[in-house]
Amino acid sequence: MTTSIDQAWNLAKARYAEFDVDVESALKLLDTLPVSMHCWQGDDVAGFENTGGALTGGIQATGNYPGKARNAAELRSDLEQALALIPGPKRLNLHAIYLESDTAVERNEIEPKHFANWVEWARQKGMGLDFNPSCFSHPLSADGFTLSHANPEIRKFWIEHCQASRRISAYFGRELGTASVMNIWVPDGMKDLTVDRFAFRERLMTALDEVISEKIDEKYHLDAVESKLFGIGAESFTVGSNEFYLGYATTRKTALCLDAGHFHPTEVISDKISTAMLYVQHLLLHVSRPVRWDSDHVVLLDDETQAIAHEIIRNRLFDRVHIGLDFFDASINRIAAWVIGTRNMKKALLRALLEPTDMLRKLEADGDYTARLAMLEEQKSLPWQAVWETYCQRHNVPAGSEWLQTVRQYEQSVLSKR
Ligand SMILES: C[C@H](O)[C@H](O)[C@@H](O)C(=O)CO
Ligand SMILES: [Mn+2]
């Protein structure tokens with residue numbers, strides 16, 4: 001029986017063919033582009049160290065929607081709900097504070113065994129894992145500094161934490177057969193005017209050099225470094241600024257992480273991709289939505305998300321750009337937040353794959369900017385949604401908003417009882 005989704009798909013296929021766009025090839029490519037979902041949306045970046053400490057480091061998850069995951073088993077169960085509602089390939093991005101252990105483990109003593117359950121779970125799901133040292137929410141980061149700390153003992157602690165994290169990341173890569181991207185973000189910064197900025201940055205540079213000194217095969221592990229403009233309590237000075245890390249990633253040949261919320265309000269990361277890709281081999285994206293500040297709202301299918309996807313697809317950066325998400329909204333159902341944000345990222349990738357880029361490039365090269373603008377606008381209303389619905393159907397996930405029913409049922413039967 002031909003369904004309305006099939007009918008719409010056939011019409012869409014014919015419509016896109018008029019622009020020389022092959023929708024089957026677009027879907028095939030979409031199936032090679034994993035989006036790395038961040039575990040920390042599921043529990044408001046609390047983690048499972050069970051120290052009862054607050055979230056620090058200048059980031060905040062606001063809201064108190066009921067039902068957040070309280071342990072790794074609950075988080076995995078919640079993730080399974082979300083994964084079942086998102087089509088195509090996914091990865092999971094873990095922070096070090098999501099370890100599992102019966103006894104307290106200091107951050108500089110974390111080991112692969114503390115993440116063995118995650119690896120087994122990911123293996124069963126056929127997913128790759130990514131990783132992050134957690135340089136926040138800890139007594140030794142309480143004064144706002146970690147890798148750039150003036151106290152060599154405290155600096156050493158965080159260097160050891162990052163080194164231990166690299167070994168865990170490489171273990172993920174070896175076990176799962178796909179390189180884990182390990183992102184280093186440190187909150188280091190000052191609330192007020194800072195006199196000796198050079199000293200902090202020099203210490204951060206030297207500490208990072210120590211962190212990455214052990215050679216690890218890129219088959220298993222990639223280092224990435226994430227810049228930031230400011231954080232709460234670090235409004236005047238951030239040690240790891242954009243310029244710091246662009247220089248670091250370029251000279252040390254690490255990946256550079258661009259977080260959509262880590263720049264001035266009118267600055268966009270989509271415009272930074274083509275620059276960074278000239279100088280670094282790999283880019284990690286933290287796709288997020290800053291509302292007036294680095295608020296980490298759920299990703300929308302908005303102009304910037306679309307522009308990010310266009311930059312990846314137009315420039316064929318498939319193997320060099322690693323797409324991660326970074327938002328944490330505690331004011332709505334957390335599983336719905338994952339589903340909305342991840343589906344939107346994938347919709348943006350699909351729309352970019354359906355763009356008649358060759359034609360647009362030619363118009364631009366010919367200097368016909370009128371036609372370029374006209375076509376850029378007209379193609380927005382081509383029937384991409386019919387292609388999306390077929391993609392969802394092929395992956396056995398709900399095509400439209402029906403997914404919300406599943407989330408609601410789980411909320412009633414599981415989340416509301418926590
Ligand atoms: C928890 C994340 O690692 C963190 O959000 C970091 O990536 C960041 O963006 C801090 O603002
Ligand atoms: Mn980030």
Side-chain angles (χ1 to χ4, degrees), residues 35-49 53-62 68-69 75 91-99 107 129-138 141 144-147 158 161-162 165 168-169 180-189 223-235 238-242 244-245 249 255-265 267-269 272 283-299 304-305 308 321-330 334 337-338 341 345:
V35 172
S36 190
M37 288 169 62
H38 52 311
C39 73
W40 53 93
Q41 166 57 58
D43 75 331
D44 314 338
V45 211
F48 305 130
E49 285 177 321
L55 173 60
T56 69
I59 51 179
Q60 262 189 11
T62 51
K68 79 170 177 180
L75 186 58
R91 300 174 65 86
L92 179 69
N93 193 6
L94 284 170
H95 245 285
I97 50 176
Y98 290 81
L99 81 174
R107 297 245 180 119
L129 291 176
D130 298 309
F131 200 54
N132 306 256
S134 306
C135 302
F136 52 84
S137 302
H138 189 277
S141 67
F145 292 96
T146 61
L147 289 178
W158 290 112
H161 172 54
C162 293
S165 295
I168 291 159
S169 171
S180 157
V181 183
M182 192 196 90
N183 180 52
I184 302 178
W185 169 71
V186 296
D188 301 28
D223 293 297
V225 286
E226 179 180 12
S227 70
K228 191 161 176 171
L229 179 64
F230 80 99
I232 299 170
E235 289 85 358
T238 293
V239 186
S241 61
N242 181 44
F244 176 91
Y245 280 124
L256 179 72
C257 173
L258 296 175
D259 183 310
H262 287 192
F263 295 87
H264 288 280
E267 242 182 312
V268 284
I269 63 166
K272 299 180 188 299
L283 202 58
L284 169 64
L285 301 179
H286 273 187
V287 184
S288 189
R289 178 166 53 107
V291 178
R292 304 193 189 283
W293 71 292
D294 181 29
S295 59
D296 293 294
H297 278 63
V298 177
V299 165
E304 173 56 2
T305 308
I308 291 168
V321 174
H322 306 263
I323 306 165
L325 304 174
D326 188 7
F327 51 81
F328 29 102
D329 191 337
R334 294 171 183 80
W338 266 320
M345 186 67 237

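Just follow the structure's listing: the first ligand is 1, and inside any ligand the first atom is 1. Index from 1, following the sequence. Note: hydrogens, waters and symmetry copies are ignored here, and every other heavy atom, side chains too, is used.
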[X] heavy atoms, cut-off 4.0 Å: which ligand 1 atoms fall inside?
| X | answer |
| --- | --- |
| W40 | 1 (C), 2 (C) |
| H262 | 8 (C), 9 (O), 10 (C), 11 (O) |
| D259 | 9 (O) |
| I59 | 10 (C), 11 (O) |
| D294 | 11 (O) |
| H286 | 7 (O) |

Heavy-atom contact check, 4.0 Å cutoff: does H38 meet ligand 1?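 So H38 does not count as touching ligand 1.
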
Do [X] and [Y] have side chains that get closer than 4.5 Å, going by heavy atoms?
| X | Y | value |
| --- | --- | --- |
| D326 | F328 | yes |
| L55 | D44 | no |
| H286 | N183 | yes |
| L147 | I184 | yes |
| K228 | W185 | yes |

Would you mind checking which non-hydrogen protein atom is closest to [atom], with the distance to 0.1 Å?
| atom | result |
| --- | --- |
| atom 4 (C) of ligand 1 | D326 OD2, 3.7 Å |
| atom 7 (O) of ligand 1 | E226 OE1, 2.7 Å |
| atom 11 (O) of ligand 1 | K228 NZ, 2.6 Å |
| atom 2 (C) of ligand 1 | H95 NE2, 3.5 Å |

I want to know whether W158 and F145 have ring centres closer than 6.0 Å.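 They do not qualify: ring centres at least 6.0 Å apart.
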
Using the benzene-type ring in the case of Trp, are the ring centres of Y245 and H262 under 6.0 Å apart?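 Not close enough - the centres of the two rings lie 6.0 Å or further apart.
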
Does the plane of the ring in Y98 sit parallel, tilted or perpendicular to the ring in F48? Use 30° and 60° as the thresholds.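 Perpendicular, since the angle between the ring planes exceeds 60°.
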
Do the rings of W338 and H38 sit parallel, tilted or perpendicular, given the 30° and 60° boundaries?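 Answer is perpendicular, since the angle exceeds 60°.
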
Would you say D296 reaches the Mn ion (ligand 2) with an N/O/S atom under 2.8 Å?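 Of the N, O and S atoms in D296, none lies under 2.8 Å from the Mn ion (ligand 2), which means no.
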
What is the ND1(H286)-the Mn ion (ligand 2)-OE2(E226) angle, to the nearest 10 degrees?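 The ND1/OE2 angle about the Mn ion (ligand 2) sits at 90°.
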
Hey, which N, O or S atom on D326 ends up closest to the Mn ion (ligand 2)?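 The Mn ion (ligand 2) is closest to the D326 atom OD2, counting only N, O or S.
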
Measuring from the Mn ion (ligand 2), name the closest N, O or S atom belonging to D259.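 Per the distance ranking, D259 contributes OD2 as its closest N/O/S atom to the Mn ion (ligand 2).
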
Ligand 1 contact on D296 by region, counting heavy-atom pairs under 4.0 Å: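 No part of D296 is near ligand 1 at this cut-off.
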
Is there a donor-acceptor pair closer than 3.5 Å between any side-chain N or O of E304 and the backbone N or O of S288?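 The answer is no, because no donor-acceptor pair under 3.5 Å joins these two groups.
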
